[in-house]
K.L.:
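My structure is below; once you've seen it, I'll send some questions.
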Amino acid sequence: MNGATMANENVSVIFKVYCLTVMTLVAATYTVALRYTRTISTEELYFSTTAVCIAEVIKLVLSLGMLTKETASLIKLKATLQEHIFCSPKELLKLSVPSVVYAVQNNMAFIALSNLDVAVYQVTYQLKIPCTALCTVLMLNRSLNRLQWFSVFMLCGGVTLVQWKPAEATKVQIEQNPVIGFIAIAVAVLCSGFAGVYFEKVLKSSETSLWVRNIQMYLSGIVITLIGVYMTDGERVMEKGFFFGYTPWVFFVVFLASVGGLYTSVVVKYTDNIMKGFSAAAAIVLSMVASVILFGLQITMTFASGAFLVCISIYLYGLPKQDTSRLTWKDTNLEDKQKLISV
Ligand code: NCC
């Protein structure tokens with residue numbers, strides 16, 4: 001049994017549900033807040049590349065704090081940093097791969113939300129679910145049977161319906177280009193699937209702590225996002241300053257990006273990227289149901305059918321695995337025929 005499996009067993013279900021719920025709530029708030037900061041004003045608009053960079057710095061500091069807590073002594077902390085950071089250029093290089101990809105993805109989110117309505121963004125971004133499943137199969141050598149693939153696409157459709165809202169009625173004050181927005185989402189979808197599964201692979205193939213892996217990734221993340229600042233907004237940042245246009249809302253977006261990223265890493269450690277998609281969908285449905293009970297929110301037909309699809313897909317995905325693709329009608333006995341019918 002490797003360290004990852006052991007860690008998985010030692011953590012309570014309540015803790016996993018807590019992390020998933022926080023991650024999902026933060027992600028929903030992040031998307032809305034980010035869109036708000038990109039559309040309220042045209043003159044004092046901050047440089048989004050700097051926000052992505054600052055989030056990496058905050059995540060690095062917080063991960064260092066968590067590692068200090070985990071090692072419980074300064075001497076041990078120093079030894080850990082020495083071994084895994086200062087004397088491990090190969091490992092740093094390995095983690096710079098998801099760093100680059102996440103840096104692209106995080107910048108794409110700003111581009112997409114500067115050009116598209118939140119609802120359109122959230123719905124289209126659900127394509128990351130099948131993309132993540134494909135990356136999991138290709139990169140982690142895991143297999144999904146036909147029913148699981150079916151449930152992955154059903155989940156994608158279900159979340160799309162659950163989040164379906166009429167387009168934003170308010171007029172925004174900026175020029176928007178939906179084509180650029182959709183291209184940015186497509187790139188973000190591919191990046192999310194690849195980087196998520198790559199990080200999971202590295203994390204679960206050794207006993208190295210999550211916080212060490214995060215520190216390794218955020219170190220290169222800072223360098224890469226700084227290059228992004230220089231290449232995209234270099235001159236204007238020099239002229240106007242790194243924090244030009246920062247309002248309390250922008251700081252709030254950076255805070256959410258940092259907290260959301262760290263919770264994502266914990267969720268991937270204790271579950272996996274596909275489960276992350278399923279659980280996030282369940283959390284969205286549950287939070288809507290809670291709003292109905294607590295605040296009397298009206299349920300729409302699209303939400304009800306989406307929630308139904310999400311629940312069925314979770315059930316189907318969790319069914320015990322049996323490879324029905326190898327069963328054919330002619331050579332099966334009665335029991336297997338019944339299985340084929342039920343599938
Ligand atoms: O798209 P998504 O995640 O897969 O993006 C993962 C985010 O987590 C950060 N990360 C990942 C691993 C790690 N060890 N440390 C990290 O900081 C990456 O930098 C990247 O930002 C999702 O599954 O829908 C989720 O969506 C994001 C975000 O809403 C979208 O990318 C939209 O832009 C959520 N991030 C936040 O809420 C800040 C994430 O929690 C869940």
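Along the sequence shown, residues are numbered consecutively beginning with 1. Counting starts at 1 for both ligands and their atoms, in listed order.
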K.L.:
With heavy-atom distances below 4.0 Å as the criterion, list the atoms of ligand 1 near A109.
P.N.:
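By the 4.0 Å cutoff, the relevant atoms are 33 (O).
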K.L.:
With the threshold set at under 4.0 angstrom, would you say K128 reaches ligand 1 through any of its heavy atoms?
P.N.:
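It does; at least one heavy atom falls under 4.0 Å.
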K.L.:
How close do E200 and D272 get, counting heavy atoms only, and between which atoms?
P.N.:
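Closest heavy-atom pair between E200 and D272: OE2-CB, 3.1 Å.
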K.L.:
What part of L256, side chain, backbone, both or neither, has a heavy atom within less than 4.0 angstrom of ligand 1?
P.N.:
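Under 4.0 Å from ligand 1, L256 contributes backbone atoms alone.
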K.L.:
Between E239 and R236, is a salt bridge (charged side-chain N to carboxylate O under 4.0 Å, His left out) present by the stated rule, with each step listed?
P.N.:
CA-CA 5 Å; E239 187 197 327; R236 287 181 302 149; over 6 Å; no
K.L.:
Tell me whether Y125 has any N or O atom under 3.5 angstrom from an N or O of ligand 1.
P.N.:
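Min N/O separation from ligand 1 is below 3.5 Å for Y125.
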K.L.:
Under 3.5 Å, is there a donor-acceptor pair between the T37 and Y46 side chains?
P.N.:
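A pair is found: one side chain offers a donor N or O, the other an acceptor, under 3.5 Å apart.
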K.L.:
What atoms of ligand 1 come within less than 4.0 Å of a heavy atom belonging to N106?
P.N.:
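Within the 4.0 Å cut-off of N106, ligand 1 contributes 19 (O), 20 (C), 21 (O).
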K.L.:
Are D233 and T49 close enough that a side-chain donor and a side-chain acceptor fall under 3.5 Å?
P.N.:
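Yes - a donor-acceptor pair under 3.5 Å links their side chains.
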K.L.:
Taking the minimum heavy-atom distance to atom 31 (O) of ligand 1, which of Q105, Q216, K59 ranks first?
P.N.:
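Heavy atom nearest to atom 31 (O) of ligand 1 belongs to Q105.
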K.L.:
Within a distance under 4.0 Å of any heavy atom of K276, pick out the atoms of ligand 1 and give their elements.
P.N.:
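By the 4.0 Å cutoff, the relevant atoms are 2 (P), 3 (O), 4 (O), 22 (C), 23 (O), 25 (C).
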K.L.:
May I ask you to identify the nearest protein heavy atom to atom 6 (C) of ligand 1, giving residue, atom name and distance to one decimal place in Å?
P.N.:
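Going atom by atom, the protein heavy atom closest to atom 6 (C) of ligand 1 ends up being Y102 CE2, 3.8 Å.
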K.L.:
Donor-acceptor check, side chain of S279 to backbone of M275, threshold 3.5 angstrom: yes or no?
P.N.:
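Side chain of S279 to backbone of M275, a donor-acceptor pair under 3.5 Å: yes, one is there.
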K.L.:
Hey, mind stepping through F110 and V52 against side chain to side chain contact (heavy atoms under 4.5 Å, CB included) and telling me if it holds?
P.N.:
CA-CA 9 Å; F110 280 85; V52 174; 3.6 Å; yes
K.L.:
Which is closest to atom 15 (N) of ligand 1 by heavy-atom distance: Y263, Y218, Y198, F199?
P.N.:
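Closest candidate by heavy-atom distance is Y218.
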K.L.:
What are the atoms of ligand 1, with element, lying closer than 4.0 Å to any heavy atom of M217?
P.N.:
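Near M217, the atoms of ligand 1 are 12 (C), 13 (C), 14 (N), 15 (N).
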K.L.:
If you measure from atom 9 (C) of ligand 1 to every heavy atom of G261, C131, A55, which option wins on shortest distance?
P.N.:
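The option holding the nearest heavy atom is G261.
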K.L.:
Any luck finding a side-chain donor-acceptor pair between S220 and S99 under 3.5 Å?
P.N.:
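A pair is found: one side chain offers a donor N or O, the other an acceptor, under 3.5 Å apart.
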K.L.:
Considering only heavy atoms, does Y121 approach ligand 1 within less than 4.0 Å through its side chain, its backbone, both, or neither?
P.N.:
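Just the side chain.
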K.L.:
I'd like to check which ligand 1 atoms, numbered from 1 as shown, lie under 4.0 Å from a non-hydrogen atom of T264.
P.N.:
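Counting from 1, the qualifying ligand atoms are 8 (O), 39 (C), 40 (O), 41 (C).
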K.L.:
For atom 38 (C) of ligand 1, which candidate among A257, G193, S258 holds the nearest heavy atom?
P.N.:
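Comparing heavy atoms across A257, G193, S258, the nearest one to atom 38 (C) of ligand 1 lies in A257.
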K.L.:
Output the list of atoms in ligand 1 that are nearer than 4.0 Å to some heavy atom of M23, sorted by atom number.
P.N.:
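By the 4.0 Å cutoff, the relevant atoms are 40 (O).
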K.L.:
Can you give me the closest heavy-atom contact between V189 and C131, atom names plus distance?
P.N.:
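Looking at all heavy atoms of both residues, the shortest contact is O-SG, 3.6 Å.
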K.L.:
Please check atom 22 (C) of ligand 1 for a protein heavy-atom neighbour under 4.0 Å.
P.N.:
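Yes, there is a protein heavy atom closer to it than 4.0 Å.
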K.L.:
Given the rule in the side chain to side chain contact (heavy atoms under 4.5 Å, CB included) test, do T50 and Y246 qualify, once you have shown the distances and angles that lead to the verdict?
P.N.:
CA-CA 10 Å; T50 61; Y246 271 59; 2.8 Å; yes
K.L.:
Looking only at protein heavy atoms, which one is nearest to atom 36 (C) of ligand 1, and how far off is it?
P.N.:
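Going by distance alone, atom 36 (C) of ligand 1 is nearest to Y30 CD2, 3.9 Å.
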K.L.:
What residue and heavy atom of the protein are closest to atom 4 (O) of ligand 1, and at what distance?
P.N.:
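Answer for atom 4 (O) of ligand 1: S192 OG, 2.8 Å.
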K.L.:
Would you say Y18 and Y263 are linked by a side-chain donor-acceptor pair, where the criterion is simply a distance under 3.5 Å?
P.N.:
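Yes, because at least one side-chain N or O of Y263 sits under 3.5 Å from a partner of the opposite role on Y18.
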K.L.:
Distance under 4.0 Å to a non-hydrogen atom of N214: what atoms of ligand 1 satisfy this?
P.N.:
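So the atoms of ligand 1 that pass are 13 (C), 14 (N).
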K.L.:
Quick one: look up the protein heavy atom nearest atom 37 (O) of ligand 1 and list residue, atom name and how far away it is.
P.N.:
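Here the nearest protein heavy atom works out to A27 CA, 3.1 Å.
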K.L.:
Taking atom types as modelled and ignoring hydrogens, do the side chains of E70 and S209 form a donor-acceptor contact shorter than 3.5 angstrom?
P.N.:
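Yes.
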K.L.:
Under 6.0 Å from the six-membered ring centre of Y30 and within 45° of its axis: does the NZ or CZ of R35 meet both?
P.N.:
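Negative - R35 is either too far from the ring of Y30 or too far off its axis.
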